[in-house]
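Some notes on the structure that comes next.
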2 protein chains.
Amino acid sequence: MRRDSRLSRMLHVLIHMDRHYKRATSETISKMLGTNAVVVRRTMAGLRDFGYVRSEQGHGGGWELARDLDQITLLDIYEAIGKPPLFAIGPSVDQPECLVEQAVDAKLGDALKEAEALLLERFRTVTIADIAADFDRRMPEGQCNIHGNIHAEQSASG
Amino acid sequence: MRRDSRLSRMLHVLIHMDRHYKRATSETISKMLGTNAVVVRRTMAGLRDFGYVRSEQGHGGGWELARDLDQITLLDIYEAIGKPPLFAIGPSVDQPECLVEQAVDAKLGDALKEAEALLLERFRTVTIADIAADFDRRMPEGQCNIHGNIHAEQSASG
DNA sequence: TCATCTGTAACAAGATAGGTTACGTATCTT
DNA sequence: AAGATACGTAACCTATCTTGTTACAGATGA
């Protein structure tokens, strides 16, 4: 299985929604992400449940932001997509009876917990608006439209 | 697939080899780990290549430690098993042309790199002997034999 | 009524660690 | 020399999880 890219994808989408779309259909978003509309609905369902976006059914419907980007942290989105596992490594069994194995897992678990705490702390203190600001700094003048067109073209060709 | 448990398993084995066996066959080790002899050979091949263990073929052969446990760090073993991915999350594509996506991945990548650096630093400063010492502290007096018998029984029943 | 959207179920694809079988080769014992 | 014991490795299957895809039901607006 490839690595879980839901967090990255959702951040990507939310910034585009803020900058380039007032309301976007799952189809439009799927073109942005290079994926499928069902995948978009599936992943964004969590964000809707947590109140970060709204969805409207039927003709003229789609997705829109329900909160300003400076009011949403990476941790919020991580939780909204269901707090998927952060680490690819771990113990072999959950509750080993072997005391050596317990000692190994405890030591390894300590290191992982530390790293996880650091990662989640970063997630907690970074808002999506912070990332959008990074984008503004990266973007050469007048590149906004060109950039927007990347996705527009994908949308047209799809 | 469940999480990669090779690091945990190898640490577990090395401590047992130090404490309970001077030389162990893949079959014996596989019983310890609740797995298969081929899996053991496959995983321990990396440790052999890095000089942490030796293997002897043929009658009377098996695996033995080639270095003291206080001379092997968790980082050593992590590298010996091929530095498998530490994180289960990551970007969707490797080199996105979208500048928003680049900004997202950069910010996310910074947080992940920090967490990875912390984790590897812990791996670097902890020796397997440190874990074995933790085991000694956990182990009530006289439990060593009982503990050893857990694996001995598994070996006998297999 | 019909086209447009979301909501979901169901299932296939892809990736990777782990499990299993099979067989080659080395080594010790007899 | 023969046989038993063990490692080395290829080949293939399994399990698990994200992602991709198809199909269809329900909601909404023209």
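Residue numbers start from 1 in every chain, and the chains themselves are labelled A, B, ... in the order their sequence lines are given, proteins ahead of strands. Only a predicted model underlies this, so the values are computations on that prediction, with no experimental measurement involved. Side chains are part of it too, since the values below use all heavy atoms of this structure and drop only hydrogens, waters and symmetry mates.
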OP1 or OP2 of [N] less than 4.0 angstrom from a side-chain nitrogen or oxygen of [X], does that happen here?
X: B:R41; N: D:dG8; value: no
X: A:S26; N: C:dT6; value: yes
X: B:S5; N: C:dA17; value: no
X: A:R3; N: C:dA15; value: no

Which of the following nucleotides, [options], is nearest to the side chain of [X]?
X: A:V39; options: C:dT20, D:dC7, D:dT19; answer: D:dT19
X: A:W63; options: D:dT19, C:dG18, C:dG7; answer: C:dG7
X: A:N36; options: D:dT21, D:dC7, D:dT19; answer: D:dT21

**OP:** Report which part of the nucleic acid A:R23 touches: base, sugar-phosphate, or nothing (heavy-atom distance under 4.0 Å, all strands).
**Re:**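 Contact class for A:R23: none.
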
**OP:** Take the angle between the ring planes of B:F123 and B:Y78 and call it parallel below 30°, perpendicular above 60°, tilted in between.
**Re:**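 Tilted.
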
Original post:
How do B:P84 and B:A37 order along DNA chain C: which one's closest nucleotide is nearer the 5' end?
Top reply: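 Taking each residue's closest nucleotide, the earlier one in sequence belongs to B:P84.
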
What is the distance from [atom1] of [X] to [atom2] of [N], rounded to the nearest Å?
X: A:F87; N: D:dT18; atom1: CZ; atom2: C1'; value: 19 Å
X: A:L7; N: D:dT19; atom1: CG; atom2: P; value: 11 Å
X: A:D4; N: C:dT16; atom1: CG; atom2: C1'; value: 15 Å
X: A:E64; N: C:dC5; atom1: CD; atom2: C1'; value: 14 Å
X: A:I89; N: C:dG18; atom1: CD1; atom2: P; value: 11 Å
X: A:E27; N: D:dT21; atom1: CD; atom2: C1'; value: 12 Å
X: B:K31; N: C:dT20; atom1: NZ; atom2: P; value: 11 Å

Looking at [X] and [Y], does any basic side-chain N land under 4.0 Å from a carboxylate oxygen?
X: A:D136; Y: A:R19; result: yes
X: B:E114; Y: A:R122; result: yes
X: A:R67; Y: A:D18; result: no
X: B:K107; Y: B:D110; result: no

**OP:** List the steps, then state whether side-chain hydrogen bond (donor to acceptor under 3.5 Å, both in side chains) holds for B:T25 with B:W63.
**Re:** CA-CA 6 Å; B:T25 67; B:W63 300 84; over 6 Å; no

Subject >> Sole candidate of A:L119, A:L112, A:L120 that passes side chain to side chain contact (heavy atoms under 4.5 Å, CB included) when paired with A:E116 >> reply: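 Going through A:L119, A:L112, A:L120 one by one, the side chain to side chain contact (heavy atoms under 4.5 Å, CB included) with A:E116 is satisfied by A:L120 alone.
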
Original post:
In terms of the nearest nucleotide of DNA chain D, which residue is placed more toward the 5' end: A:H59 or A:R6?
Top reply: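 Looking at DNA chain D, the more 5' nearest nucleotide goes with A:R6.
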
Original post:
Going by number, which of residues 42-58 of chain B have a non-hydrogen atom under 4.0 Å from DNA chain C?
Top reply: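 Heavy-atom contacts with DNA chain C come from B:R42, B:Q57, B:G58.
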
